[in-house]
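Reviewing the structure listed below.
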Amino acid sequence: MKGVILYTDGYCKPNPGYGGWAAILLFGKVRKELSGAEANTTNNRMELTAALKGLQALTEAYQVSLYTDSEYLRQGITDWLPGWKARNWHTSSRQPVKNKDLWEELDHLTSRHIVSWHWVKGHSGNPLNERCDHLAAVASRMAHTGRVSR
């Protein structure tokens, strides 16, 4: 199985508000950068969207090393998801799971791959995390001002 490194980040200021997401995929020496934005969203939705968009870009099954600065994303997919599903998408305090639509899609996408989830401290000088943060912020600002992001 081929391997890929995936860095992701989400951005939303103010939160909620205009948000941006970014993903960087590394296939050996090949690098692909993706980004986009949404209005009326949250930082957590953008974190999930970044991971989804990165995984959606994969056209076949991969061994994925995914790096995120979002504990919400990492813990949600590795620790909380099985319990949410067992409780019919409710938290341990019996509240509906927020962002259920994205969690369901992420659960489906990750089943196609072997994904190892890694947390990196945000804004700590990791070049790929910093680049994702920059791309997500730019996408958000461009959407907010009505410009088209590429």
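On a predicted model such as this, the values are computed, not experimentally measured, just so you know.
Residues His123 and Glu130 meet the side-chain proximity criterion, which asks for heavy atoms closer than 4.5 Å. Put simply, the side chain of Asp107 reaches to within 4.5 Å of the side chain of Lys85, judged on heavy atoms. Inter-residue side-chain proximity for Trp80 and Gln75 is flagged as met; some heavy-atom pair is nearer than 4.5 Å. No side-chain heavy atom of Lys32 sits under 4.5 Å from any side-chain heavy atom of Val30. By the 4.5 Å heavy-atom criterion applied to side chains, Leu106 and Leu73 are counted as neighbours. At a threshold of 4.5 Å between non-hydrogen side-chain atoms, the residues Trp89 and Glu104 count as touching. Under the 4.5 Å side-chain criterion, counting only non-hydrogen atoms from C-beta, Arg45 is in contact with Asp101. With contacts defined as side-chain heavy-atom distances shorter than 4.5 Å, the pair Asn44/Lys98 does not qualify.
Between the CG atom of Asn129 and the NZ atom of Lys121 there is a distance of 11.5 Å, given to the nearest 0.5 Å. Atom OG1 of Thr8 sits about 11.5 Å away from atom CG of Asp133, to the nearest 0.5 Å. His134 contributes atom NE2, which lies 12.5 Å from atom CG of Asp9 (distance to the nearest 0.5 angstrom).
For the 3.5 Å distance criterion, the side chains of Ser116 and His118 qualify, holding a donor opposite an acceptor. Thr91 and Ser93 share a side-chain donor-acceptor pair at under 3.5 Å.
Both Leu102 and Leu58 belong to a common hydrophobic cluster when Ile, Leu, Val, Met, Phe, Trp and Tyr are linked at side-chain heavy-atom distances under 4.5 angstrom. Both Val120 and Ile24 belong to a single network of hydrophobic side chains, linked directly or stepwise wherever heavy atoms of I, L, V, M, F, W or Y lie under 4.5 Å apart. Under a hydrophobic-cluster definition in which Ile, Leu, Val, Met, Phe, Trp and Tyr are linked whenever side-chain heavy atoms come within less than 4.5 Å, directly or via other members, Tyr67 and Leu55 are assigned to different clusters. The hydrophobic clustering, which links ILVMFWY residues whose side-chain heavy atoms are closer than 4.5 Å, places Trp21 and Leu26 apart. Residues Met46 and Leu128 fall into different hydrophobic clusters, defined by Ile, Leu, Val, Met, Phe, Trp and Tyr side chains chained together at heavy-atom separations under 4.5 Å.
Taking 4.0 Å as the cut-off between side-chain N and carboxylate O, Arg112 and Glu60 do not count as a salt-bridged pair.
The residue from Pro16, Cys12, Ser140 that alone fulfils the side-chain contact (heavy atoms from CB on, under 4.5 Å) condition with Thr41 is Cys12.
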Show your working on side-chain contact (heavy atoms from CB on, under 4.5 Å) between Arg131 and Glu33 and close with a plain yes or no.
-> CA-CA 9 Å; Arg131 178 69 179 158; Glu33 295 184 348; 2.9 Å; yes
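Between Trp103 and Tyr72, the ring centre distance stays below 6.0 Å.
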